[in-house]
Student: 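One structure, pasted below without further comment.
Whatever order the structure lists them in is the order used to number ligands and atoms, beginning at 1.
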Amino acid sequence: MEFMPEFRTARPTTVAEAVAIRAAEPGSRFLAGGTDLIPNIRRGIVAPPTVIDLAGIAEMRAIESLDGGLRIGAAVTLAELANHERVRTAYVGLKQAAGGIAASTHRQVGTVGGNLCLDTRCVFYNQSEWWRRANDYCLKSKGDVCYVAPKGSHCFAAFSGDLAPAFMVLGAEVEIASKSGVRIVPLTEIYQDDGIDYLLLKPDEMIAAVRVPAPSDGFRTGYAKSHVRSAIDFPLAGVAVGLRREDEAITDLRVALTGTNSMPLAVEGTEGLTGGPPNEAMLQGLDALIAKQIQPMNSTFSPPGYRRRVVAKLTRSLILNLYRDG
Ligand SMILES: Cc1cc2nc3c(=O)[nH]c(=O)nc-3n(C[C@H](O)[C@H](O)[C@H](O)COP(=O)(O)OP(=O)(O)OC[C@H]3O[C@@H](n4cnc5c(N)ncnc54)[C@H](O)[C@@H]3O)c2cc1C
């Protein structure tokens, strides 16, 4: 049986207070909805002496208009995001991503910030303490070997959050708060392809909000994912597409992925495929771009080859549907 270890809970009411506690208490962790952090604490994967509960910070709970777009507080829940009137009408891919995460109960408490900072996942890591101990742990936590690629010294746990790719095709930015103030960076810049150090936030930094630009004319987005069960399951692979169609031509094309690497991946080079309709040559060009940039490994129960095929299939059908409706 697994027992919950003891920890202290801090309950700040402002962002400034939260980051001050984080800076003063090494090893502490932010707690948002807790749907990822609490299972990891219970399994002995992490053992923070203090958790900093973000639920009481009113300034992080709002969705506001900003320069024609939206500023979404990091403690906004997935249900609030998916049901927000402007998100449902102007940012359809974001609504689809948020509305398909886990199950309704998780979405009532799980948050935008928690989803963007979600720990990377692996079949050798997301296990009970006794299972991991019996297997000498793994490189990501307490062990020396990555069982996915035992000859190397790199962790291949996969990033599996659904929101990041949906935000990326919108060109979202994040407000990162610390004791020194707030910096605003593109969302794509806070990740790196490393299963252990997947987040480029400094220890005392937190995401305070996400900014999405005003929807531009004719730019449409969609999100689709593959998972073993149709609810309460992480994506094996998830695809976000944003495109603009003018007459017969696609004039803007953006693709971002989750579940394929240790970070959400904004596919590079898609601008070279615009200027015409989504014919077979263009779609094959996109298949090739994606195939080169993704690196699914044996970190899930579904093999890498399956996840490669599913990404290509989901991307094609999203593009064709968005083009047809455009
Ligand atoms: C059965 C089950 C199914 C799931 N299915 C899915 C799924 O389909 N898709 C999916 O994406 N997720 C899934 N999840 C994971 C999780 O429920 C969601 O990702 C959720 O959005 C996490 O948000 P949270 O607020 O609960 O995060 P928490 O657990 O509170 O936090 C997660 C991590 O983010 C950090 N953090 C939280 N907020 C901030 C912040 N503002 N700044 C910096 N760091 C922060 C925490 O310290 C922690 O390390 C599932 C979980 C379960 C248990």
Side-chain angles (χ1 to χ4, degrees), residues 7 9-10 12 15 18-19 21-23 25 27-43 45-48 50-57 59-61 72-82 94 96-121 126 141 158-167 174-178 182 185 187 190-191 196-210 223-238 240 257-259 264 300:
F7 52 79
T9 306
V15 168
V19 293
I21 299 169
R22 180 73 186 88
E25 300 203 27
S28 59
R29 289 288 192 113
F30 295 117
L31 173 79
T35 58
D36 187 49
L37 185 64
I38 295 296
N40 285 352
I41 294 177
R42 191 170 54 83
R43 288 179 158 175
I45 284 175
V46 285
T50 301
V51 300
I52 305 161
D53 186 357
L54 305 178
I57 305 180
E59 62 190 292
M60 289 177 71
R61 295 295 309 264
I72 301 163
V76 165
T77 66
L78 302 168
E80 286 163 350
L81 183 66
L94 190 56
Q96 290 168 334
I101 291 171
S104 165
T105 43
H106 299 93
R107 294 194 292 271
Q108 299 299 324
V109 292
T111 65
V112 170
N115 193 267
L116 294 178
C117 298
L118 186 66
D119 196 4
T120 53
R121 298 182 62 77
N126 298 98
S141 169
F159 183 87
S160 309
D162 283 299
L163 288 187
F167 273 126
V174 279
E175 291 179 20
I176 298 175
S178 71
V182 175
V185 298
L187 177 63
I190 69 163
Y191 299 104
I196 297 172
D197 290 320
Y198 58 98
L199 268 184
L200 292 170
L201 299 185
K202 298 188 195 103
D204 66 332
E205 287 185 328
M206 69 182 287
I207 297 181
V210 187
Y223 183 77
K225 65 177 172 177
S226 159
H227 38 182
V228 175
R229 298 168 295 192
S230 59
I232 322 186
D233 220 346
F234 287 86
L236 297 170
L257 310 170
T258 190
T300 70

Student: Considering L116, I232, T258 one by one, which has a heavy atom nearer to atom 1 (C) of ligand 1 than any of the others?
Tutor: I232

Student: Counting from 1, what ligand 1 atoms have a heavy atom of S160 closer than 4.0 Å?
Tutor: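 Under 4.0 Å from S160, ligand 1 has these atoms: 10 (C), 11 (O).
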
Student: Would you indicate which of G114, A102, G238 comes nearest to atom 4 (C) of ligand 1 when only heavy atoms are counted?
Tutor: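 Among G114, A102, G238, the closest heavy atom to atom 4 (C) of ligand 1 belongs to A102.
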
Student: If the cut-off is 4.0 Å to any non-hydrogen atom of G110, which atoms of ligand 1 fall inside it?
Tutor: 23 (O), 24 (P), 25 (O), 26 (O)

Student: For atom 41 (N) of ligand 1, what's the nearest protein heavy atom and its distance?
Tutor: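 Among all protein heavy atoms, the one nearest atom 41 (N) of ligand 1 is I207 O, 2.9 Å.
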
Student: What residue and heavy atom of the protein are closest to atom 49 (O) of ligand 1, and at what distance?
Tutor: R29 NH1, 3.2 Å

Student: Does ligand 1 have an atom that lies less than 4.0 angstrom from a heavy atom of D119?
Tutor: no

Student: Using heavy-atom distances only, which candidate in L118, V46, N126, N115 approaches atom 11 (O) of ligand 1 most closely?
Tutor: N115

Student: Check whether F234 forms a cation-pi arrangement with R121 (NZ or CZ under 6.0 Å from the six-membered ring centre, at most 45° off the ring normal).
Tutor: yes

Student: Examine the proximity of ligand 1 to M206 and report which part, side chain or backbone, both or neither, has a heavy atom under 4.0 Å away.
Tutor: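 For M206, backbone and side-chain atoms both sit under 4.0 Å from ligand 1.
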
Student: Give the single entry among F234, F30, F159 that approaches atom 13 (C) of ligand 1 most closely by any heavy atom.
Tutor: F234

Student: Considering L201, D162, I176, which one's heavy-atom position lies nearest to atom 10 (C) of ligand 1?
Tutor: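 Considering heavy atoms of L201, D162, I176, the nearest to atom 10 (C) of ligand 1 sits in D162.
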
Student: With heavy atoms under 4.0 Å as the rule, classify the contact between V112 and ligand 1 as side chain, backbone, both or neither.
Tutor: neither

Student: I'd like to know if the side chain of Y198 reaches the main chain of C117, judged simply by a donor and an acceptor atom lying under 3.5 Å from each other, with no hydrogens or angles considered.
Tutor: yes

Student: Checking the side chain of Q96 only, and the main-chain atoms of Y223 only, is there a donor and an acceptor separated by less than 3.5 Å?
Tutor: yes

Student: Atom 8 (O) of ligand 1: which of D233, T77, T111 has the nearest heavy atom?
Tutor: D233

Student: For ligand 1, is there an atom lying under 4.0 Å from some heavy atom of K225?
Tutor: yes

Student: At less than 4.0 angstrom from any non-hydrogen atom of L78, what atoms of ligand 1 do you find?
Tutor: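 Those qualifying, in numeric order: 21 (O).
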
Student: When you measure from the side chain of R61 to the backbone of G73, do you find a donor-acceptor pair of N or O atoms at a distance under 3.5 Å?
Tutor: no

Student: Between R107 and E80, does the salt bridge (charged side-chain N to carboxylate O under 4.0 Å, His left out) criterion hold? Intermediate values first, please.
Tutor: CA-CA 8 Å; R107 294 194 292 271; E80 286 163 350; over 6 Å; no

